[in-house]
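What follows is a short report on a single structure.
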Amino acid sequence: AATETEQELTDGFHLVIDALKLNDIDTIYGVPGIPITDLGRMAQAEGIRVVSFRHEQNAGNAAAIAGFLTKKPGVCLTVSAPGFLNGLTALANATTNCFPMILISGSSEREIVDLQQGDYEEMDQLAIAKPLCKAAFRVLHAADIGIGVARAIRAAVSGRPGGVYLDLPAKLFSQVMEADAGAKSLVKVIDAAPAQLPSPAAVTRALDVLKSAKKPLIILGKGAAYAQADEEIRSFIETSGIPFLPMSMAKGLLPDTHPLSAGAARSTVLKDSDVVLLVGARLNWLLSHGKGKTWGDAPKKFIQVDIEPKEMDSNVEIAAPLVGDIGSVIEALNEGIKTGWTPPSQEWIGAINARKEVNIGKMSQRLLKNSTPMDFHSALGALKQVIKERPDAILVNEGANTLDLARGVIDMYQPRKRLDVGTWGVMGIGMGFAVGAAVETGKPVLAVEGDSAFGFSGMEVETICRYNLPVCVVIFNNNGIYRGTDSDPTGRDPGTTVFVPGSRYDKMMEAFGGVGYHVTTPDELKRAVDEAMDSGKPTLINAVIDPAAGSESGNIGSLNPQSVVKKK
Ligand SMILES: Cc1ncc(Cn2c(C)c(CCOP(=O)(O)OP(=O)(O)O)sc2=O)c(N)n1
Ligand SMILES: Nc1ncnc2c1ncn2[C@@H]1O[C@H](COP(=O)(O)OP(=O)(O)O)[C@@H](O)[C@H]1O
Ligand SMILES: [Mg+2]
C-alpha cells in the first residue's frame, strides 16, 4: 500500500477553505495577520474573494450586512486577541440586529491559555465571545473542521439569524491528515434555515383578531426585509387594504410612495390604530416598547409575526402570537383572507391620507428652501431626487440629524436598499456596510454620513479605492456631533462635540486616487452625486451644512439624562 508520504495529505488551512467553498461561501472580509495571513492568501488563490480592510470592525460590519442581504452568513476573518476584539463589536451588532455572520478568529493555544503562560496575543476568546453572540464554537482537531464550519453556518441562519463565533487555534491550521479522510469529514449543510410553519390555530386566531379591527395597521420590520418574502408581503397588503408602516430598514418593501404607506402619518397610525400586526419588528425602544403616549389611550391588540417564540410578550401582551418564518406565515394569512375579508373603512384610510397630505406638504416646503449654507432639508431634497431617479442604488445612512432626517425625507422604492444603524443606533457601520453592499450586489452605493459618523470608519476610503468599488460617500459636514457650535467655557480647548472648522474630507478620497467634491448648494450636490453614480468611481462629496442646523442627538434627544444639579 502507498506510504503516508505518497498518500495525498490535506491540512487545516485547506480543510477550512474546502468547508467554506462546499457551503457556497464565496467571500471573506477581514484583516490579515498571525495566524491567518496564509489562510487568506490560500483562500484567495482558491477563488474565494478576500476583501482586506484597515480595521476589523469594518470588515465585520461588511460581513454582517452581506448576511442581511444574501441570507448566507457573511464571514469575517481576524487575528487573535486585539483583532478578535475589534471584530466583536460587529459580531454583537449583527446579533442584536439578527444579521447572520460568522466571526472566524485565529487564537492562542489552549494548553498555554489555560495555564495563563503568556502566549502571543493570549486571550480566552471563546469565553469572551459567548455572551455577545448567538453561538460560539472552537475546533481543536483538523478532522472536526467540517462539522465546526457546518455548525457555525446553521447556527447563524436558522431560526432568528445572528452572529456566530468560530475559534481556530493557530496549531490547527498546520495539522495534517489523509486527504480522502479530510474530504469525508466535510459537511454540506442541508436546509440551513428550514421553513418554520405557523400552527393553523395561530393563523385562525390572528385572522379573527384582524377581522375584528376597525383601524388595522401593519408594521414591517427589518426581519420582513431579511425574509425576502417580498411578493407575499406586497400581496397581503394590497389584498387586505391594510395600511403599513415600514421601520427604517424595511423601507422599500413596498415603495414609500405606495397609497397604503402610512410612513408620513406615523404618529397618527400608532396612536389611533386598534389592531397592530407586527411583521419581523420588535416592540423595543424604536416602538416605545408598545406603550405610553406614542400608542395613545385606546386599547390595542397586537398580532406578532416572529420566528423567535420568546419575542412574544417581551413588552406588552400579544393577543395573537404567530410564530414562524415570515414567508410561511404571510402565505398562510394570504390564504386566510381569500374569502370573508372586509378591507378597512374609508374613514380610517381617509383619516390617514388627510394626515399624510398635511405632513408631506409641510415637508416639501422645507425641502424647497434654498438656504446658504445648506441645512439638512435642502441637502436631503437633492438626495431624495437622486434615489427617486436611481431606485436600485443602495442607501447607507448614519449620524444623528443626518440619519433621522434622511430616514423621513428619502423615499425608498425597493426592498433591502436602506442599510443603517439598526437596533443599536451604532455609529461606525458606514464604510463597512458600503463595502459589503457593493461587493455582494455590484449595485451603486450612496453612503449619506454625518461627519462624526464617517469618522468611525473613514480610513476604509482606501479600501473602497483599492477595490475600485462604486461607492459615493456624501458627508453632511456640519462641523460636529449634532451641531458645530459648541465651545469650551474655559476657553482652553474646542467644545467636546465640534471638529476642525472647514474640514475637507474630500481630500481624503483624493489621497487614495478616488474623486473628491466640495459642494455648498443642493444643485452642486445633485450634480456631484449624479456624476459619481454615472462613473461608478469611488467618490467623496464634502457637503457643507449649517453648523447651527442640527438638534442634540437628532430625534432621540429625550433619551439623554439631564443634570438637575447646577454647578456653583
Ligand atoms: C459607537 C458609537 N459611539 C457614539 C455614539 C453616539 N452618537 C454619535 C457620536 C453620533 C454622531 C452624530 O454626529 P454626526 O456628525 O454623525 O451627525 P449630525 O451632526 O448630522 O447629527 S450619533 C450618536 O448616537 C453612537 N451612537 N455609537
Ligand atoms: N425570516 C424571518 N421570519 C420571521 N421573523 C424573522 C425572520 N428574520 C428575522 N426575524 C425577526 O425579525 C425581528 C426583527 O426585529 P427588529 O430588528 O426589531 O426590526 P426593526 O428594528 O426593523 O423593527 C426579530 O425579532 C427577528 O427574530
Ligand atoms: Mg455632524
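Counting begins at 1 with the first residue of the sequence. These figures come from a predicted structure and were not determined experimentally. Each ligand, and each atom within it, is numbered from 1 in the order the structure gives.
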If you measure from each non-hydrogen atom of [X] to ligand 2, which part falls under 4.0 Å: side chain, backbone, both or neither?
X	result
M247	side chain
C98	side chain
L287	neither
I219	neither

Top protein contact for [atom], by heavy-atom distance:
atom	value
atom 6 (C) of ligand 2	I307 CG2, 3.8 Å
atom 21 (O) of ligand 2	K222 NZ, 2.9 Å
atom 2 (C) of ligand 2	I326 N, 4.0 Å
atom 25 (C) of ligand 1	M427 CG, 3.5 Å
atom 17 (O) of ligand 1	A400 N, 3.2 Å

Between F454 and Y505, how do the two ring planes meet: parallel, tilted or perpendicular, split at 30° and 60°? perpendicular
Using the ring of each side chain (for Trp, its six-membered ring), is F244 parallel, tilted or perpendicular to H258, with breaks at 30° and 60°? perpendicular
Can you check whether R160 has an N/O within less than 3.5 Å of an N/O in ligand 2? yes
Can you confirm, on distance only, whether ligand 2 has an N/O atom lying under 3.5 Å from any N/O atom belonging to A227? no
Applying a 4.0 Å heavy-atom criterion (strictly less than), which segment of F454 is in contact with ligand 1: side chain, backbone, both, or neither? neither
If we set the cut-off at 4.0 Å for heavy atoms, which region of F376 has an atom near ligand 1: side chain, backbone, both, or neither? side chain
Verify whether one side chain among K222 and N97 offers a donor that lies under 3.5 Å from an acceptor in the other. yes
Using a distance-only test with no angle check, is there a side-chain donor-acceptor pair under 3.5 angstrom linking R407 and N397? no
Determine, stepwise, if the pair D24 / K72 fulfils salt bridge (Lys or Arg N to Asp or Glu O under 4.0 Å). CA-CA 9 Å; D24 307 324; K72 284 175 14 185; 6.0 Å; no
In degrees, rounded to 10 degrees, what angle do N478 atom OD1 and D451 atom OD1 make at the Mg ion (ligand 3)? 90°
Give, for atom OG1 of T539 and atom CD of E510, the distance between the pair rounded to the nearest 0.5 Å. 10.0 Å
Flag G480 as yes if one of its N/O/S atoms falls below 2.8 Å of the Mg ion (ligand 3), otherwise no. yes
Minimum distance, heavy atoms only, to atom 21 (O) of ligand 1: which one of T402, N477, N401 is it? N401
